[in-house]
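Let me begin by presenting the structure, written as structure tokens, before commenting on it.
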Amino acid sequence: MAFAFHNYAVPVFLSLLAVIPFEGTGGSHLSHKNRRERGNPTPKSLHFTLFQHESRNKTGFVTVNGVEGSEGKGESSSLFGTLLVFQDPLTAKANRSSKQLGTAEGTSITSGLDGLSCISVAKLTLRVKNHKGSISIVGGTNTFERSDYPVVGGTEDFLFVHGYVTSSPLHAKSSTLVYEIGFHLYWPPYPSPPSY
């Protein structure tokens with residue numbers, strides 16, 4: 001008897017599903033305009049500038065020397081293959097004694113035979129404009145020019161953040177390098193909750 005009931009149960013169940021109305025599944029085809037009219041906020045963004053201070057043998061250390069015989073182009077260049085690790089303060093102004101608002105920590109490997117370009121990976125821990133957390137960046141660094149890094153991740157208030165960070169060298173004293181770091185961060189808009 002149970003076998004006979006099983007033969008009829010599946011078609012009856014499927015026919016019941018066909019008559020039950022499904023609500024809330026058609027909202028995915030709405031245009032951006034309609035979503036904004038329904039109360040979805042515009043994307044949130046944050047733009048600001050900090051200054052990174054790297055002091056040789058204090059906040060930045062060469063842990064692997066590069067290949068002997070690869071010629072660099074001056075004092076600011078490194079031998080090919082040099083591995084540098086750093087934990088640098090990020091301040092509000094170019095002056096090292098200004099308020100510290102974060103820390104940049106990471107690695108940089110000299111990847112150009114001329115000693116002027118590197119591959120860099122960094123985590124920037126921030127406490128700025130009512131936001132606290134870290135962002136991760138990866139990219140190529142040029143010793144004398146502005147460099148752009150995509151944001152590849154974030155934590156705490158910077159979770160799900162997208163955007164990019166720029167790094168521009170300001171000046172290099174004998175043992176200290178100062179970079180102007182521009183942040184261009186964007187959070188995606190989230191859909192408004194469905195109304196039933």
Side-chain angles (χ1 to χ4, degrees), residues 43-64 66 72-188:
K44 177 182 165 186
S45 66
L46 185 62
H47 306 274
F48 58 96
T49 300
L50 296 178
F51 296 88
Q52 178 180 354
H53 304 269
E54 183 170 293
S55 299
R56 293 182 187 144
N57 298 323
K58 291 184 180 177
T59 66
F61 299 90
V62 172
T63 59
V64 176
K73 292 188 175 181
E75 287 183 29
S76 297
S77 63
S78 301
L79 295 175
F80 179 77
T82 298
L83 174 65
L84 173 80
V85 294
F86 57 90
Q87 186 174 10
D88 300 334
L90 296 172
T91 60
K93 296 181 181 177
N95 184 348
R96 175 59 184 99
S97 62
S98 69
K99 183 177 181 181
Q100 184 171 340
L101 299 173
T103 303
E105 56 186 316
T107 63
S108 185
I109 301 170
T110 304
S111 57
L113 290 173
D114 62 0
L116 299 178
S117 58
C118 303
I119 297 171
S120 301
V121 177
K123 179 180 93 169
L124 308 173
T125 305
L126 306 168
R127 294 173 308 281
V128 294
K129 300 189 181 198
N130 299 320
H131 291 81
K132 180 183 174 192
S134 67
I135 61 171
S136 298
I137 59 172
V138 176
T141 301
N142 185 300
T143 304
F144 295 114
E145 298 175 8
R146 176 182 138 163
S147 302
D148 298 328
Y149 308 94
V151 173
V152 296
T155 65
E156 297 183 57
D157 293 336
F158 298 103
L159 194 61
F160 302 118
V161 74
H162 297 276
Y164 64 99
V165 172
T166 61
S167 173
S168 302
L170 291 183
H171 62 273
K173 294 181 181 176
S174 59
S175 63
T176 302
L177 301 169
V178 179
Y179 299 93
E180 181 177 340
I181 309 296
F183 293 83
H184 308 276
L185 307 175
Y186 305 89
W187 286 261

Check: Just by distance, with hydrogens left out, do Ser134 and Thr155 show a side-chain donor and acceptor under 3.5 Å apart?
Finding: yes
Next item on the list: Step through it carefully: locate the ring centre of His184, locate the ring centre of Tyr164, and say whether they are under 6.0 Å apart.
Entry: yes
Next item on the list: Return the set of residues passing ring-ring contact (aromatic ring centres under 6.0 Å, His included) with Phe183 (not counting sequence neighbours), or none when no residue passes.
Entry: Phe48
Check: Going by atom types alone, do Thr91 and His53 pair a side-chain donor with an acceptor below 3.5 Å?
Finding: yes
Item checked: Within-4.5 Å side-chain heavy-atom neighbours: Ile135 and Val165 -> yes
Next item on the list: Locate the shortest heavy-atom distance separating Ser167 from Ile181; write the atom from each residue and the value.
Entry: OG-CD1, 3.7 Å
Next item on the list: Classify the side-chain pair Thr141/Tyr149 by whether it contains a donor and acceptor separated by less than 3.5 Å.
Entry: yes
Next item on the list: Drop me the distance from Cys118's SG to Asn142's CG, to the nearest 0.5 angstrom.
Entry: 8.5 Å
Checklist line | Any Leu116 side-chain heavy atom under 4.5 Å of Phe144 side chain | finding: yes
Notebook entry, point to check: Are the side chains of Val151 and Leu185 in touch, meaning some heavy atoms are under 4.5 Å apart?
Noted result: yes
Next item on the list: Working to the nearest 0.5 Å, report the span between CD1 of Ile109 and OG1 of Thr82.
Entry: 10.0 Å
Check: Do Phe86 and Gln52 have side-chain heavy atoms sitting under 4.5 Å apart?
Finding: yes
Next item on the list: Decide yes or no for Leu50 and Leu126: does some side-chain heavy atom of the first lie under 4.5 Å from some side-chain heavy atom of the second?
Entry: yes
Notebook entry, point to check: So, do Trp187 and Leu159 sit near enough that their side-chain heavy atoms are less than 4.5 Å apart?
Noted result: no
Check: Does the side chain of Thr176 come within less than 4.5 Å of Glu54's, by heavy atoms?
Finding: no
